[in-house]
Peer 1: 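Below is the structure I would like to discuss, written out as C-alpha cells.
Just so it is clear, the values below take in all heavy atoms, side chains as well, and ignore hydrogens, waters and symmetry mates. Nothing here was measured: the structure is a model prediction, and the numbers come from that model. Just so we're on the same page: letters track the sequence lines, and every chain starts at 1.
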Amino acid sequence: MWDVVVIGGGLAGLLAGIRAAQRQKKVLLVTEGVGTLFFFSGIIDYGDVEQLRLLPGHPYQLFDQETINRGRKYMEQVCPDYIDTERSEAVLSPLGLLRSGDLVPKGMKLPNLLSVGSVVLLVPNGLKDFFPEIVVPNLTNVFKNGQIYVENLVVEEFQRWFELGRPITSVDYADYWRTQKGHKVLKQAIGKIKEKFSSRLENGEKSVVVVMPSLVTEYWENARRGKWVADFPLSVMEISSFSPSPHGRHLAEYLRHIFQDLGGEIVFGARAVRSELEPTENGYQRCKQLVVQSKGKELILKAEKYILATGGLLGGGIEAINEKREIREAVFDLPVFIPEEWSSPHFFEDQPYAFAGIMTDHQLCPINPLTREVVLENVYVVGRLLAHWDPWIQRCGAGVSITSGFVAGESV
Amino acid sequence: MREFDTRVVIIGGGATGVGILRDLSMRGISAILLEQSELGHGTSSRFHGLLHSGGRYVVKDEDAARECIDENEILKRIAPTCIEGTSGWFVHLQDDNPDYMKAWLTGCSRVKIPVKEIDVAEALRLEPMLSRHVEKVYEVPDASIDGFKLLWANIRSAERYNGKFMTYCNVSSVRVENGCVKGVYAENVRTGEKILIHSEIVINAAGPWAGMVAASAGAQVSIIKNKGVLLVFNKRLFQRVINRLRAPRDGDIFVPHETITILGTTSYTVGSPDDNWIMPEEVSYLMNMGKELLDDIEHQRVIRAFAGIRPLYEEASTVVGEGREISRDFALVDHEKLDGITGFISIVGGKLTTYRLMAEKVTDWVCNKLGLEVVCRTAEESLIPPVEEKLKDKARTMFGVAMADKMMERLNDRLGEVVKQVSQDPAQGQLICECEMITKAEIKHVVHEFNTTSLNDVRRQTRLGMGTCQGAFCTYRAIPLLADLLEEPGKLREEITDFLDERWRGVVPILWGEQLRESELTRAIFNTTLGVGQREQGR
Ligand SMILES: Cc1cc2nc3c(=O)[nH]c(=O)nc-3n(C[C@H](O)[C@H](O)[C@H](O)COP(=O)(O)OP(=O)(O)OC[C@H]3O[C@@H](n4cnc5c(N)ncnc54)[C@H](O)[C@@H]3O)c2cc1C
Ligand SMILES: Cc1cc2nc3c(=O)[nH]c(=O)nc-3n(C[C@H](O)[C@H](O)[C@H](O)COP(=O)(O)OP(=O)(O)OC[C@H]3O[C@@H](n4cnc5c(N)ncnc54)[C@H](O)[C@@H]3O)c2cc1C
C-alpha cells in the first residue's frame, strides 16, 4: 500500500512525485515511457500567465498567481541550473533565432550583447539537424556589434560514422562530451580558439564567446554519472535543442534521480490499463486499485491517492479512437471535454481539438464537464492531460505541467 | 511580350498532355506543352494509382475494358519502373449478387482478360486482412502505377526527341483568327511575363479545366467535374489490388503502393476543378465502405486524405456523331466540326491507364491535319532508358539495397549524378526525409535541375513529406536548401507555412488516432521548438 501512485513519468508526473516524496509520502511512479521530455527544448515556458488566466477554463485559472509563482520557485529549487529572473529571457532557437523563455538553463543565457566582440560558432562535424548556414546569418542579427566566426570540430571517434553516412545526433555528442576523452577534446578545441583570438583580447577588444549546439555545459550533472565540470577556457553559450533533445533527456534523468533519492520508487515500461472503483461515504466514488501491465504481467496497485499524469494526445493520456472523434481516457475512463469544433484549415492557427482533456476542480480532482460534479475523489489530474489549453500556441507547456504537478504533490 | 513559334501547343501537363508531347516529339513534330502549375498539378497526381486490367469495366463497357487490358500490357512493357506488378483480386462477398459475378466472368473471357480463380483458404492465407465473408476470389493482371514517375518518364522521353515544356505557364486564351487557330496567349505566373506562342495546332488536354480552355477560344466542351476522395493508410494492408466483385460503387478498391495503401473512392459532382476539399462525413463514409472488405479497418492508421476531380465528358446530344469518336470512355472533340475553329481539338475523359492510347489518337489526328504520314511508336519504345548495372551496384553499396532501389525508381538515369555528389562529399548523403529515404544530394539535384523554388515542387519530384511523418522532420531539414532557393530571406517563414499548410490539408480530414498524435508533435516542433509560427520574440 502506497500513499501515492503517480501514473506517467513526464515533467508533470515527475515533479508531482518529487514534491510528494519530499513531503515524506510513500510514492510509486509507474510509467510507460519517458514522455515528451525526450523532445523538450530545454526552455521552460510559462506564457503570458495574466492573459491566459482570462481564457475560459484555462488550467491557470485553477490556481492563484501566488501558487503559480511558488511552483516556479520550486522548480528552480529542484533544478538550480534554471535561473528564474522573474521576467522572460531571450535564448537561441535551434535555427539561431531569438526566442523567449521563462526559466532558462544557465548555459543558454545570452551574455550582455553589447560586451561581445567576437562570436565563434563551434560546429561538431556531421552534427545531425544543425544548419550553420542558417544559424550564422541569424547570429549576425542577434550580435549586432559582434563579428561571427565558424570553427569546425572534427572528432576522431565520429569520423568513421561520418564517412559511413551515419547520423551523429546532438544526444550522441552530448554523451561524448561527458566522457573524459570527449571533455578533453572539447577543452582543447576551445583552448585553440582562445589562442587564436588572444591578440584581439590583449588589444583590449571585447570578449569572445563560443556558441554551441548540443549540450555542453553543466545542466544537472550532480546525478549518478558524477560531477561534470564545464571548465572551458572561454565562456560557452548553448543553443536550445531540436528533437531528440539532450537537454530533455538529461532533465528527465536528473528528475528521476532526485525522486529516487527522496525515497520514491519507479517502475518503467509499466502501462496502467484500468482501475477498480469503490463508493465513498458521502456518495461519491474513489479509486480502489489500479491495474498495471508490466513485462507481460498484470500488477494490482493500491494507494490512498493517485496522480494521473499520462499526458495528452501526444503523451498517450487520451486518444481520439476513431474518425467519429470519440476520445477516451484509458486508465479511469474519465469523462473527457471534447470541443465542438475540431480543427482549423491552417496549420499555424488554433486547433480546437488541442483543448480536449480532463476538466478538474481547484484541487485537480476530475469533474464531469456537463454536471461539474467530482468524478473520483482520490484522483488528481496534472499536466498536458488537463482540458482547455494549447501548450504550443500559448507557449506555456512546461509552465502548466510544473504548476499542476507541484500543486498535486503538495495536496496529496 | 515574348513571342515564339512551334507547330503544336499542348495545354495541360497531366498524363494526357505529357503522353501527347512524347508521341508528337517521337514523330518529329515540334511541340511545346504548357502547364499552369507544376506537372501533375491536376487529376494525374490525385488519383487511385490503379493500372486497370479492365476488370472493373467489363460488365458495363466492354470497349473501355478492352482498351484497359491492351494498355495494361503495353505500359508494363514500356514503363516497368513506374509500375508494381502486384496483380489484383476481384472478391465476391457473402451477400454480393451472383448474377453480376457470372456476367463478369463472361465479360472477362470475351474481352480476353486473363482470370484465375484462387482458393478461398489460400486467399485468406495470402491476404490475412481480407474479410472473412469472402466466398470467391479471382485474380486479374491489375497493377499499381505511380503517376509522378510516369509523368516524368514521358517528359524525359519527349525531351530526348526535342519536345519542350514550360511549367507555371498559364494559357489565358487560345488565339483564333478567321476561324483558324493561330496559337495561344500565356503568362508566366511567377514573373508575370506575357507570352505569345504561334502555332498551327492547339490541343486542349486541360482535364477538368478543359471547359474553361475551350471557352477561351469561343468553343464549347462540357465537362462534368466529378470529385473522388481517397484515403492513404500507413502500410501495405494488402499485397495485391483488392476490388469488390460487384457493380462498381464507392469505397470498393484498395491499391497498395510501395509502403502504403490507398482506399477509394467516392463520386460526387462539384462546381469547380479546384473544389477538392474533403468533409469528415466523406471520410466516415469511406471507412464504412472499406470495412466490408477489411473488417479491422478502424485500427489501421490513416495518414492523409485527398481528392481528385474526374473530367467526365458530358454526352450532350449536340455532340453525338461528328465531333465525337473512338470510345465511349474518352472523346476527341474536333472544334472545326463543332464550333467551326480549325486546328483546335480537346481531348477529354478517359483514365490514366489509357493515357497513351488517347495520346496516340490525338497525334494521329495531328498528323492527318498536317498531312504527315508517320506511325506511332510509343507502344514499342521503352519510356525509361536502362540504368547501367555498374552504377546500380555502386548505389547499392553506398546506400544499402532498399534505399538505393527506391532512389533508382525515382531517379532512373539521373542516379549517376546523385551517386557522384555523395561520393565526393558524404555529408550530401544525409537523409532529409527519413520516411521516404531521400538524401540531401537528391533534393539538391532536383532543385538545381528543375530550377525549383518551392518545397511543394520538391515534394512532387521526390515524395518529400509524403511518408508517415507528413513533414514533421523533413520540413525542418529542408530549411537550408530552401534558404538557398529563396531570393528574399524573409520569405522563408512564408514558404514553410505554405508547405505545412498543404500537408495539413490532407491531414485535417483524418485527425484521429496515431496521425493526430504525429500532428501534435509537428505542431510542438514548429510552434515551440522552432517558433516558426510566431513573430520573432525576445528583446
Ligand atoms: C517537441 C516538443 C518541444 C517542447 N518544447 C517545450 C518548450 O520549449 N517549452 C516548454 O515549456 N515545454 C516544451 N515542451 C514540453 C511540454 O511542455 C510537455 O509536453 C508538457 O509539459 C506535458 O508534460 P506531461 O508530463 O503532462 O506529459 P507527457 O510528457 O506526455 O508525459 C506523459 C507520460 O505518461 C506516460 N503514460 C501515458 N499513458 C500511460 C499509461 N496508461 N500508463 C503509464 N504511463 C503512461 C507516458 O509514457 C509519458 O511518460 C515540448 C514538448 C515537445 C513535444
Ligand atoms: C479519385 C480519382 C481516382 C482515379 N483513379 C484512377 C485509377 O486508379 N486508374 C486510372 O487509370 N485512372 C484513374 N482516374 C482517372 C485519371 O486520374 C484521369 O483520367 C487522368 O489523370 C486525367 O489526366 P489528364 O491529363 O487528362 O488531366 P489532369 O491530370 O487533370 O491534367 C490537366 C492539366 O492541365 C492543366 N491546366 C488546366 N488549365 C490550364 C491552363 N489554362 N493553362 C495551362 N495548364 C492548364 C492543369 O493544371 C492540369 O495539370 C482517377 C480519377 C480520380 C478523380
Side-chain angles (χ1 to χ4, degrees), chain A residues 36 39-41 43 45 88-91 93-95 97-100 110 113 125-126 128-129 131-134 137 142 162-165 167 240-243 245 312-316 319-327 342-349 351 353-354 390-393 395 397, chain B residues 277 280 283-284 286-287 298 302 398-399 422 426-431 434 439 471-473 476-477 479-480 483-484 489 492 497 499-505 507-534 536-539:
Chain A
T36 53
F39 302 112
F40 174 61
S41 68
I43 300 159
D45 293 306
S88 72
E89 287 286 333
V91 268
S93 81
L95 293 174
L97 293 167
L98 281 185
R99 62 161 280 191
S100 66
L110 286 184
L113 295 180
N125 197 34
K128 192 183 180 196
D129 293 336
F131 317 126
E133 63 272 47
I134 299 289
V142 174
F162 178 67
E163 279 155 21
L164 287 171
S240 58
S241 287
F242 189 66
S243 313
S245 148
L313 292 159
L314 180 58
E319 190 196 358
I321 49 176
N322 55 28
E323 85 279 4
K324 291 173 208 85
R325 297 167 177 178
E326 286 165 34
I327 298 188
W342 196 253
S343 57
S344 110
H346 295 286
F347 179 79
F348 283 120
E349 280 171 4
Q351 304 299 336
Y353 70 74
D390 181 337
W392 325 126
I393 289 193
R395 290 247 193 136
Chain B
W277 283 95
V283 173
S284 278
L286 261 183
M287 290 292 281
E298 272 155 32
V302 185
M398 204 166 208
F399 303 110
V422 179
Q428 299 297 317
Q430 276 181 10
L431 290 181
E434 287 173 347
T439 60
F473 289 93
Y476 171 67
R477 292 189 186 124
I479 286 175
D484 253 5
L492 187 64
T497 307
F499 186 70
L500 289 171
D501 266 352
E502 196 283 333
R503 295 286 80 196
W504 186 243
R505 213 179 130 146
V507 174
V508 160
I510 53 101
L511 274 172
W512 76 85
E514 274 302 305
Q515 208 55 31
L516 177 52
R517 201 172 187 176
E518 187 80 47
S519 301
E520 277 305 274
L521 179 57
T522 315
R523 289 204 320 122
I525 288 175
F526 284 91
N527 282 300
T528 305
T529 312
L530 301 174
V532 180
Q534 287 146 32
E536 213 165 292
Q537 299 197 343
R539 287 169 204 178

Peer 1: Of the backbone (N, CA, C, O) and the side chain (C-beta and beyond), which part of A:Pro94 lies under 4.5 Å from a heavy atom of chain B, both, or neither?
Peer 2: both

Peer 1: What part of A:Pro137 gets within 4.5 angstrom of chain B, counting heavy atoms only: side chain, backbone, both, or neither?
Peer 2: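 Neither part; nothing is under 4.5 Å.
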
Peer 1: Just wondering, do B:Leu511 and A:Ser343 contact through their side chains at under 4.5 Å, heavy atoms?
Peer 2: yes

Peer 1: Suppose we screen for ring-ring contact (aromatic ring centres under 6.0 Å, His included). Which residues come up paired with A:Phe347, at least two apart in sequence or across chains?
Peer 2: B:Trp504

Peer 1: Which bit of B:Ile510 comes within less than 4.5 Å of chain A, counting heavy atoms only: side chain, backbone, both or neither?
Peer 2: neither

Peer 1: Please look at B:Glu434 and chain A and tell me whether the side chain, the backbone, both or neither of the residue comes under 4.5 angstrom of a heavy atom of that chain.
Peer 2: side chain

Peer 1: Is B:Thr439 in contact with chain A via its backbone, its side chain, both, or neither, using a 4.5 Å heavy-atom distance?
Peer 2: neither

Peer 1: For chain A, which of B:Thr497, B:Val283, B:Val507 has the most heavy-atom pairs under 4.5 Å?
Peer 2: B:Thr497

Peer 1: Heavy atoms only, distances under 4.5 angstrom: which of B:Val508, B:Ile525, B:Leu521 has the most pairs with chain A? Name it, please.
Peer 2: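 Most pairs with chain A among the choices: B:Leu521.
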
Peer 1: Tell me, side chain or backbone of A:Ser344 under 4.5 Å from chain B's heavy atoms, or both, or neither?
Peer 2: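 The backbone, not the side chain.
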
Peer 1: Rounded to the nearest 0.5 Å, how far apart are CZ of A:Phe242 and CZ of B:Phe473?
Peer 2: 5.5 Å

Peer 1: Would you mind checking which part of A:Ser243 comes under 4.5 Å of any heavy atom in chain B, side chain (CB onward), backbone (N, CA, C, O), both or neither?
Peer 2: both

Peer 1: Name the member of A:Lys324, A:Glu163, A:Arg325 that forms the most heavy-atom pairs with chain B at distances under 4.5 Å.
Peer 2: A:Arg325

Peer 1: Non-hydrogen atoms of chain B under 4.5 Å away: do they reach the side chain of A:Thr36, the backbone, both or neither?
Peer 2: neither

Peer 1: One thing to verify: whether B:Glu514 and B:Arg517 come together as a salt bridge, which I'm taking to mean a side-chain N less than 4.0 angstrom from a carboxylate O.
Peer 2: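 Salt bridge: yes.
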
Peer 1: Check each atom of B:Arg523 against the heavy atoms of chain A and say whether the ones under 4.5 Å are side chain, backbone, both or neither.
Peer 2: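 Contact with chain A: backbone and side chain both.
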
Peer 1: Hey, does A:Phe39 have a side-chain heavy atom less than 4.5 Å from the side chain of B:Thr529?
Peer 2: no

Peer 1: Given that the side chain runs from C-beta out, which part of A:Asn125 has a heavy atom under 4.5 Å from chain B: side chain, backbone, both or neither?
Peer 2: neither

Peer 1: Look at the side chain of A:Gln351 and the backbone N and O of A:Pro345, then say whether any donor-acceptor pair between them is shorter than 3.5 Å.
Peer 2: no

Peer 1: So do A:Arg99 and A:Ile43 actually touch side chain to side chain, heavy atoms under 4.5 Å?
Peer 2: yes

Peer 1: Can you tell which part of A:Glu319 gets under 4.5 Å to a heavy atom of chain B, answering side chain, backbone, both or neither?
Peer 2: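 Just the side chain, heavy atoms under 4.5 Å.
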
Peer 1: With a 4.5 angstrom heavy-atom cut-off, is it the side chain or the backbone of B:Leu431 that approaches chain A, or both, or neither?
Peer 2: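 For B:Leu431, neither part sits under 4.5 Å from chain A.
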
Peer 1: Answer with yes or no whether the side chains of A:Trp392 and B:Glu520 bring together a donor and an acceptor at under 3.5 Å.
Peer 2: yes

Peer 1: Under 4.5 Å from any heavy atom of chain B, what part of A:Ile321 do you find: side chain, backbone, both or neither?
Peer 2: backbone

Peer 1: Do B:Val302 and B:Met287 come close enough that some side-chain heavy atom pair is under 4.5 Å?
Peer 2: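 Touching, per the 4.5 Å side-chain cut-off.
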
Peer 1: Got a second to check how far B:Leu516's CG is from A:Ile327's CD1, nearest 0.5 Å?
Peer 2: 7.5 Å

